[in-house]
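Input: a single structure, listed below in structure tokens.
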Protein chains: 2
Amino acid sequence: MTYSISEVAKKLNLTSYTLRYYDKEGLIPFVERTPSGIRLFKESDIDFLKIIQCLKTTGMPIKDIKEFIEWCSDGDSTLQQRYDMFIERKASVEAQMEELKKTMKVIEHKCMYYKTALEAGTEDIHKNDNIEDFITNK
Amino acid sequence: MTYSISEVAKKLNLTSYTLRYYDKEGLIPFVERTPSGIRLFKESDIDFLKIIQCLKTTGMPIKDIKEFIEWCSDGDSTLQQRYDMFIERKASVEAQMEELKKTMKVIEHKCMYYKTALEAGTEDIHKNDNIEDFITNK
DNA sequence: ATAATTCCTAGAGTTAACTCGAAGTCTAAC
DNA sequence: GTTAGACTTCGAGTTAACTCTAGGAATTAT
């Protein structure tokens, strides 16, 4: 069973334009076509697109994802590169999570700041606060 | 005590170009100047820039940050908007963390996948795997 | 068989966030 | 008082990732 480009777009919550763009950029060279040139997406193609979306979420640029796709079609000789890449992605995601946690602390502090200010009707009650205390975690 | 643009850039790990760009975009209208036009950053300006960096980390676009800055100079009448904004930022960061967690699971699975493939010398040992099982969390 | 819909490509346009170059001004050191 | 280095503005250039348009071909519905 195969899917049309618009079906895949709907399934993955992106547009046909984007899928054609990914194809143009060499991210999905494995997608087959009808004799008249229309793309036919297999289930396995959709799985690959899910991995591509996952890599994008980690902040990986498209040209790097393309390199990974090329490694995939190069077979077992590129296993080490692909392993290294995922280890590096893992470290990157860990770093991003750490940064988000720090960011969250500041945002939560600001939520409290404005909650109390709203209750008081003025920001003045924070006149003596020291924002550094929160950013530096004192 | 004040700081020059390049000192602030160094402190915040960005460039003078970027700081001037932020100024041009209205993110730091409070930064004062010498009579000859040179920017003098106060400690409180740097604190504001840290909040701006924090908002950027949450994925907030610059024109939205600008709106927040405008609210700040509009005083207490905008407390509700600012509170709502931070609540919304909090939800956004929570969503991002959730997505990163899901992404992490897939990445970790791929790390294992390639680790075992490397040990076996070939990807073939995963011939019967079903990637869906991992993506759908089975 | 015709009309509506969906597909195709090539290439142009958009947007965000920088990033830089040119030309000139300011300031500190000698 | 001149020179090196940092500062200024203005506007142009860059990059990534889409996003869309035009013009045409294929498929589906009536």
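All values below were derived from every heavy atom in this structure, side-chain atoms included, with hydrogens, water molecules and symmetry-related copies excluded. Quick note on labels: first sequence line is chain A, next is B, and so on, each numbered from 1.
Enclosure of atom NZ in K63(A) is not indicated, since only 12 or fewer non-hydrogen atoms of other residues, nucleotides or ligands lie within 6.0 angstrom. Within a 6.0 Å radius of CG in N13(A), no more than 12 heavy atoms belonging to other residues, nucleotides or ligands are found. Residue K42(B) qualifies as enclosed at atom NZ: its count of foreign heavy atoms under 6.0 Å is above 12.
Of all heavy-atom pairs spanning A9(A) and T15(A), the tightest one is CB-C, 3.7 Å. Taking each heavy atom of L27(A) and I62(A) in turn, the nearest pair found is CD1-O, 3.6 Å. The two atoms that bring K90(A) and M104(B) nearest to each other are O-CE, 3.7 Å, heavy atoms only.
When the side-chain nitrogen and oxygen atoms of S36(A) are compared with OP1 and OP2 of dC8(C), none of them lie within a distance under 4.0 Å.
No continuous path of hydrophobic side-chain contacts links L100(A) to I107(A) [ILVMFWY only; heavy atoms under 4.5 Å].
For the atom pair L49(B) CG and K11(B) NZ, the distance stands at 11.5 Å (nearest 0.5 Å).
In summary, the aromatic rings of F68(A) and F86(A) are positioned with their centroids under 6.0 Å apart.
Stacking of K110(A) on the aromatic ring of Y113(A) is recorded, both the 6.0 Å distance cut-off and the 45° axial limit being met.
Atom-to-atom, CZ of R33(B) to C1' of dC26(C) comes out at 14 Å; the value is rounded to the nearest Å. Atom CG in D23(A) sits roughly 11 Å away from atom C1' in dC8(C) (whole-Å rounding). For the pair Y3(A) OH and dT6(C) P, the interatomic distance rounds to 19 Å; values are reported in whole Å. We find that CG of L40(A) is positioned 15 Å from P of dA26(D), with the value rounded to whole Å.
With sequence neighbours excluded, no residue forms a ring pair (Phe, Tyr, Trp, His ring centres under 6.0 Å) with F41(A). Every residue meeting the side chain to side chain contact (heavy atoms under 4.5 Å, CB included) condition with E70(A), not counting sequence neighbours, appears here in chain and number order: K66(A).
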Show each protein N/O and nucleotides 4-7 of chain D N/O combination with a separation under 3.5 Å, one pair to a line.
residue, atom, partner, partner atom, Å
dC7(D), OP1, S4(B), OG, 3.0
dC7(D), OP1, S6(B), OG, 2.7
dC7(D), OP2, S6(B), OG, 3.3

Please list, for nucleotides 28-30 of chain C, all pairs of protein and nucleotide N/O atoms separated by less than 3.5 Å.
none

What does nucleotides 16-23 of chain D look like as a protein-contact string, B for base, S for sugar-phosphate only, - for none, at under 4.0 angstrom between heavy atoms? SBBBBB--

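One end of the helix from dA1(C)-dT30(D) to dC30(C)-dG1(D) points its axis 10° away from the other end's axis, with each axis taken from 5 pairs and the angle rounded to 10°.
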Check step by step if salt bridge (charged side-chain N to carboxylate O under 4.0 Å, His left out) holds for D23(A) and R20(A). CA-CA 5 Å; D23(A) 201 0; R20(A) 288 196 200 98; over 6 Å; no

